[in-house]
Protein chains: 2
Amino acid sequence: MDRRQQKTRDAIFKAFSNLIEQKRYGNITVQEIIDEANIGRSTFYAHFETKDDLLKALCTDIFNHVFADELMSEKTHDFSGGNNGLEAKLTHILHHLKDSETNIVGILSSESGELFMRYFKDYLIVIFSKYLNEIKMNAPADFVLNHLVGSFAETVKWWIDNKMIYTPEDTAKYYIEVSCANRITDK
Amino acid sequence: MDRRQQKTRDAIFKAFSNLIEQKRYGNITVQEIIDEANIGRSTFYAHFETKDDLLKALCTDIFNHVFADELMSEKTHDFSGGNNGLEAKLTHILHHLKDSETNIVGILSSESGELFMRYFKDYLIVIFSKYLNEIKMNAPADFVLNHLVGSFAETVKWWIDNKMIYTPEDTAKYYIEVSCANRITDK
DNA sequence: ATTATAACGAACACAATGTTCAATAACATA
DNA sequence: TATGTTATTGAACATTGTGTTCGTTATAAT
């Protein structure tokens, strides 16, 4: 990729990130983005068709980074004292979110969080699907998957909104306790 | 309230509901609303300051209706075969959502759902708070409350997105099973 | 050094915003 | 029914944002 393109793309992402922390996504204008990024109007439209296009690209960039290990390998990481693979994997994701260079905290805790959450869940579905066969079913499988993904996403949002006062390890543990305890099959 | 005001307000709500089913909230313009409602431009601004103001008013109207019984009385309703008050109460709410005259389905299943969900959760917090002392704690109380509210809201969204193929009774039962089973205190 | 291509910036037509104001219509009340 | 009140109307207005075009300039790649 041309260095100029990369530089422009970065400037747009950075400007957009700054703005999204200050105000709701729907109230951000392309005008503000190009002013903040200090680029020409036509340059923006050479990179992204719409504002929605930009948000999607930013989320994809971030999540590909956060979920990189999780999506590629089957190995589990031992950040937690937990014993099962899911808890370790979730702990790992929380660590990534906490240490991320991009201000994910700002984006997710801002009023723009809803759209971010939507893309976040798309990635979580991939993770949780791998564990679904290990969970005891008290309800239809699609209900359970939706429930696990949705409630973990809610957990993450809550964790971030509350200034991450709990450790990734504790947060993942609480989640497993409340969502999965007594539901892991003995195998 | 002046009949003219009521008529105009209804026309705006109806127009807005129609539009919100077709396209995302952020892409709806005031212009479209007043065209659809067939009212004068200045009339709209006499009723609502902004588009956000309108959405909030619409949600408030809907939720005050759906949650009316739940918020006012302590009595439980026996729509379900369930035995504890929470399951009956949630079943009742699901029935209200299903039977509502306003097209809640359209609003919640559209791309505008996120904002609706935010207001929805505000009401759910009131409901769930009453039951929190009956739930065994495996995690901090605020974590549990957030988890219960968030996952029930997700359940409702899933239910609606899936064309409500399960009954309110079954849906509430699944939710209680997955979220609260083994966590109700014996008292 | 040459070629390709990215960014620039000015200009454009168009659409939406939010406000104002005088005229008209519908309402409430006695 | 007559009277004062209030809501709606429609047109006008300045302002802001949109998405596109195009010739020029600057920076890459080879």
Side-chain angles (χ1 to χ4, degrees), chain A residues 1-61 102 107 110-112 114-116, chain B residues 1-61 102 106-107 110-116:
Chain A
M1 194 184 215
D2 195 312
R3 273 178 252 151
R4 292 170 295 180
Q5 281 189 70
Q6 193 60 257
K7 205 176 129 194
T8 299
R9 194 181 164 89
D10 289 348
I12 292 175
F13 276 170
K14 185 158 190 180
F16 186 57
S17 296
N18 287 343
L19 288 167
I20 217 171
E21 290 166 34
Q22 294 165 24
K23 55 202 295 191
R24 207 173 72 204
Y25 172 77
N27 294 337
I28 295 172
T29 65
V30 173
Q31 193 63 50
E32 287 171 313
I33 297 170
I34 66 182
D35 288 346
E36 178 84 18
N38 197 31
I39 58 164
R41 178 165 204 72
S42 47
T43 307
F44 176 89
Y45 285 105
H47 280 257
F48 303 100
E49 288 196 354
T50 64
K51 210 176 57 175
D52 286 11
D53 203 27
L54 168 58
L55 176 64
K56 194 161 192 170
L58 178 64
C59 289
T60 301
D61 263 33
T102 42
I107 295 174
S110 76
E111 291 189 20
S112 327
E114 292 91 3
L115 283 159
F116 190 92
Chain B
M1 193 184 216
D2 196 312
R3 274 179 251 151
R4 292 170 295 179
Q5 279 189 69
Q6 194 58 257
K7 207 176 127 193
T8 300
R9 194 180 163 90
D10 289 348
I12 293 175
F13 276 171
K14 185 158 191 179
F16 187 56
S17 296
N18 287 341
L19 288 167
I20 217 171
E21 291 167 33
Q22 295 165 24
K23 54 200 299 190
R24 206 172 73 204
Y25 173 76
N27 294 335
I28 295 172
T29 65
V30 174
Q31 193 63 51
E32 287 172 313
I33 297 170
I34 66 183
D35 287 347
E36 178 84 18
N38 196 31
I39 57 162
R41 177 163 205 76
S42 46
T43 307
F44 176 88
Y45 286 105
H47 280 257
F48 303 101
E49 287 196 356
T50 64
K51 210 176 55 174
D52 285 12
D53 203 28
L54 167 58
L55 178 62
K56 192 161 194 170
L58 178 62
C59 289
T60 301
D61 262 33
T102 43
I107 295 174
S110 77
E111 291 188 24
S112 329
E114 291 90 4
L115 283 160
F116 189 93

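Order of the sequence lines fixes the chain letters, A, B, ..., with proteins taken first and strands second; residue numbering starts at 1 for each chain.
Aromatic ring orientation, A:F13 versus A:F48: tilted (interplanar angle from 30° to 60°).
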Using the 3.5 Å cut-off, write out each protein N or O paired with an N or O of nucleotides 27-30 of chain C and the distance between them.
from, atom 1, to, atom 2, distance (Å)
C:dA28, OP2, B:R3, NH2, 3.0

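The two residues B:I33 and B:A15 come nearest to each other via the heavy atoms O-CB, 3.8 Å. The two residues A:I28 and A:K51 make their nearest non-hydrogen contact at O-NZ, 2.8 Å. B:R9 approaches B:A57 most closely through the heavy-atom pair NH2-CB, 4.2 Å. Closest approach of A:G40 and A:I34 over heavy atoms only: O-CG2, 4.5 Å. Of all the heavy atoms in A:I20 and A:L55, the pair that sits closest is CD1-CD1, 4.1 Å.
As rounded to whole Å, 11 Å separates atom P of D:dT8 from atom CG of B:D10. The NZ-C1' distance, from A:K7 to C:dT5, rounds to 15 Å in whole Å. Counting to the nearest Å, the P atom of D:dG19 and the CG atom of A:D53 are 11 Å from each other.
For the pair A:Q6 and B:K51, both in contact range of DNA chain C, the more 5′-proximal nearest nucleotide belongs to A:Q6.
Within residues 22-50 of chain B, the residues approaching DNA chain C are B:T29, B:V30, B:Q31, B:R41, B:S42, B:Y45, by heavy-atom distance under 4.0 Å.
Side-chain contact between A:I107 and A:L58: present, with at least one pair of heavy atoms (C-beta onward) separated by less than 4.5 Å. At a threshold of 4.5 Å between non-hydrogen side-chain atoms, the residues A:K7 and A:D10 do not count as touching. The shortest distance between side-chain heavy atoms of A:R24 and B:D52 falls below 4.5 Å.
Within a 6.0 Å sphere centred on CD of B:Q6, heavy atoms belonging to other residues, nucleotides or ligands number more than 12.
When the C1' atoms of four end pairs are superposed on the next four at each end of the helix from C:dT3-D:dA28 to C:dA30-D:dT1, using five pairs per end, the two resulting axes differ in direction by 40°, to 10°.
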